[in-house]
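Read the structure below first, then the notes.
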Amino acid sequence: MRKITAIAAALGAAVLAAVVPAAGAQAAPVASTASPYCDYLWNGKDNNGNPLATWNFFYAYVNTNCDGYLGRSDGQDANWGNDQGAFQGTDIDRASSLLLKTADATLAIKVFDGTGEDWGGAYSCVRGDEFYVASLHDAADKFTNGSSAADRISSHKRVPASDCNGNWLH
Ligand SMILES: [Ca+2]
Ligand SMILES: [Ca+2]
């Protein structure tokens with residue numbers, strides 16, 4: 001009987017251990033490549049108490065570590081180089097870091113090498129629980145054609161994570 005109680009207690013502790021980090025993850029995201037400034041933008045608030053990054057928005061930056069704001073979107077943009085939508089003109093083929101203000105692992109932002117509403121060609125994805133990609137220049141951050149995703153993102157679309165076939169930026 002003691003043994004059974006001990007096992008039950010151990011199981012209870014295991015369940016707690018599994019729940020606590022998950023709850024903490026929303027307050028203090030830890031991306032696979034940590035960046036203090038991206039963390040600050042993801043978590044921080046301005047002097048009025050408003051979040052620095054708005055929930056459900058995807059952000060792109062010219063430089064690594066979420067520096068040099070390019071634009072943001074809560075939808076999609078089939079051409080980062082035209083004069084419409086969230087990303088325009090010289091935004092195309094310039095992003096070096098990304099941030100996604102959600103913790104929904106079932107959601108992803110699919111980023112493409114090319115443009116157009118056929119949403120075809122080489123792509124990769126930011127998973128909803130990745131929080132940010134501090135440097136697209138990392139060797140692992142490639143499109144599905146093997147090219148680096150740095151300075152090459154030309155369009156993006158919001159998709160279910162399953163549409164990414166396991167192709168994740170980190
Ligand atoms: Ca556009
Ligand atoms: Ca491109």
Side-chain angles (χ1 to χ4, degrees), residues 29-46 48 50-170:
V30 179
S32 52
T33 304
S35 161
Y37 192 63
C38 292
D39 276 337
Y40 166 71
L41 291 181
W42 205 100
N43 288 299
K45 293 182 176 166
D46 65 17
N48 297 318
N50 298 313
L52 295 172
T54 303
W55 280 106
N56 205 39
F57 273 80
F58 162 69
Y59 293 75
Y61 307 88
V62 176
N63 304 314
T64 59
N65 294 308
C66 303
D67 174 62
Y69 175 77
L70 265 181
R72 68 173 198 166
S73 167
D74 63 351
Q76 64 191 37
D77 191 335
N79 187 341
W80 284 23
N82 63 7
D83 61 357
Q84 296 165 7
F87 296 91
Q88 304 191 1
T90 56
D91 294 340
I92 193 166
D93 295 339
R94 276 184 85 202
S96 287
S97 55
L98 308 170
L99 183 146
L100 179 54
K101 185 67 181 280
T102 181
D104 181 355
T106 68
L107 170 78
I109 300 295
K110 198 169 187 178
V111 293
F112 299 84
D113 194 0
T115 59
E117 295 194 354
D118 60 316
W119 307 110
Y123 70 89
S124 195
C125 289
V126 185
R127 197 165 59 193
D129 59 354
E130 183 69 20
F131 307 117
Y132 55 79
V133 180
S135 176
L136 290 167
H137 295 268
D138 291 346
D141 290 322
K142 296 182 189 311
F143 287 125
T144 48
N145 63 0
S147 297
S148 167
D151 301 325
R152 288 190 74 136
I153 295 173
S154 302
S155 58
H156 82 281
K157 187 183 188 195
R158 196 164 289 249
V159 298
S162 56
D163 279 14
C164 294
N165 301 306
N167 295 291
W168 304 120
L169 299 166
H170 302 286

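Positions are given from 1 along the sequence. Because only heavy atoms are used, hydrogens play no part in the values below, and waters and symmetry mates are left out as well, while side chains stay in. Every number for a ligand or one of its atoms is a count from 1 in the order of the listing. Because the structure is predicted, anything quoted here is derived from the model rather than measured.
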When you measure from the side chain of [X] to the backbone N and O of [Y], does any donor-acceptor pair fall under 3.5 Å?
X	Y	result
T144	Y123	yes
Y132	S35	yes
H156	G75	yes
T64	A134	no
S97	C66	yes
N48	N50	no

Checking S135 against N65: is there a side-chain donor and acceptor pair closer than 3.5 Å?
no
D163: what forms a side chain to side chain donor-acceptor pair (under 3.5 Å) with it, not counting sequence neighbours?
none
If a pair satisfies salt bridge (Lys or Arg N to Asp or Glu O under 4.0 Å) and one of its residues is in residues 100-122, list it, with sequence neighbours excluded.
D113-R152
So which protein N/O/S atoms does the Ca ion (ligand 2) have within less than 3.0 Å?
D93 OD1, D113 O, D113 OD1, R152 O, S154 OG
Mind listing the protein N/O/S atoms less than 3.0 Å away from the Ca ion (ligand 1)? Waters don't count.
D77 OD1, D77 OD2, N79 O, N82 OD1, Q84 O, F87 O
